[in-house]
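Notes to accompany the following structure.
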Amino acid sequence: MGHFNIAIDGPAGAGKSTIAKLAASRLGFVYVDTGAMYRTMALYFLRLGIKAEDEKAVEAACRDVDVTIRYEDGAQQVILNGENVSGLIRTEEVGNMASAVSVYMPVRTKLVELQQRLAREADVIMDGRDIGTCVLPDAPVKIYLTASVEVRAMRRCRELQEKGIPCCLEDIETDIADRDYRDMHREHSPLKQAEDAVIIDSSRMTIQEVVERIIFEARERGLEA
Ligand code: DC
């Protein structure tokens, strides 16, 4: 029996991970955060002092890197060459590097393989940029979750402040707009809505409303849960 998979794509800060996590726990699905995998690769390149523009060096470094995931109390942990780096990947620096190096095919190939394997092994809710279009093109439920740049920047700022990290709203807005542009205009697997995706603009919705909507869509498409 195949597994029931839910693909969620959308730009940075749209609330994908918060919402996917909640929906996964309601449905008893495994949550797969693919952004964390790109961030892990990015951390590896940063540690090696590789510049994002240096495609050759990125490609060469891809040969020796091992990225895997495991779950601890239901939470996804990312493992870089045997080291759990989950606590080190949530910075703006790593996020921007992830966006910059995710344009390279060797980076994507490695991670897409891992993602597809996970979706074969369990019912997953997977979020990212190319899940509905490339990673799980046959997923019965595809969601494109978005929100205005202003709302997304506000949310990200609040998140950082809650962690005690100072932030400037204007800088975050610029970062998000740059990241959107890069993610949407790259050559390989750009961020775009799958033709059969349901578009949800969460700018004026609560987290709970979005979760309910996704569960509704899944049931409409045959999920018995
Ligand atoms: O979702 P996030 O902000 O953690 O993702 C970081 C970057 O990784 C994002 O800007 C682009 C890249 N990414 C990608 O190219 N494909 C994915 N499926 C997930 C993330």
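Everything quoted here is computed from the prediction, not taken from an experiment. One-based numbering, in listed order, for ligands and for the atoms of each. Scope of the values below: all heavy atoms of this structure, side chains included, with no hydrogens, waters or symmetry mates.
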Say whether Met37 and ligand 1 are in contact under the criterion: heavy-atom distance to a ligand atom below 4.0 Å. no
Measuring from the heavy atoms of Gln115, does anything fall under 4.0 Å of ligand 1? no
Is ligand 1 under 4.0 Å from a heavy atom in the side chain of Met97, in the backbone, in both, or in neither? neither
Charged N-O contact under 4.0 Å between [X] and [Y]:
X	Y	answer
Asp180	Arg152	yes
Arg204	Glu209	no
Glu217	Arg213	yes

Shortest protein heavy-atom distance from [atom], along with the residue and atom involved:
atom	result
atom 19 (C) of ligand 1	Thr34 OG1, 3.4 Å
atom 13 (N) of ligand 1	Tyr38 CD1, 3.6 Å
atom 16 (N) of ligand 1	Arg108 NH2, 3.1 Å
atom 7 (C) of ligand 1	Ala98 CB, 3.7 Å
atom 4 (O) of ligand 1	Arg39 NE, 2.6 Å

For atom 15 (O) of ligand 1, which candidate among His188, Arg129, Arg186 provides the closest heavy atom? Arg186
Just distances here: any N/O of Asp127 and N/O of ligand 1 closer than 3.5 Å? no
Taking both backbone and side-chain atoms of Asp183, is any N or O found less than 3.5 Å from an N or O belonging to ligand 1? yes
Which residues satisfy the side-chain hydrogen bond (donor to acceptor under 3.5 Å, both in side chains) test with Asn81, sequence neighbours excluded? none
Just wondering, are more than 12 heavy atoms of other shown residues or ligands nearer than 6.0 Å to CD in Glu93? no
With a cut-off of 6.0 Å (strictly less than), are more than 12 heavy atoms of other residues, nucleotides or ligands near OH of Tyr71? yes
With rounding to the nearest 0.5 angstrom, report the CZ to CG distance, Arg186 to Leu191. 7.5 Å
Is a side-chain donor-acceptor pair under 3.5 Å present for Arg179 with Ser99? no
Under 4.0 Å to a heavy atom of Ser102 - the qualifying atoms of ligand 1, by number: 11 (C), 12 (C), 15 (O)
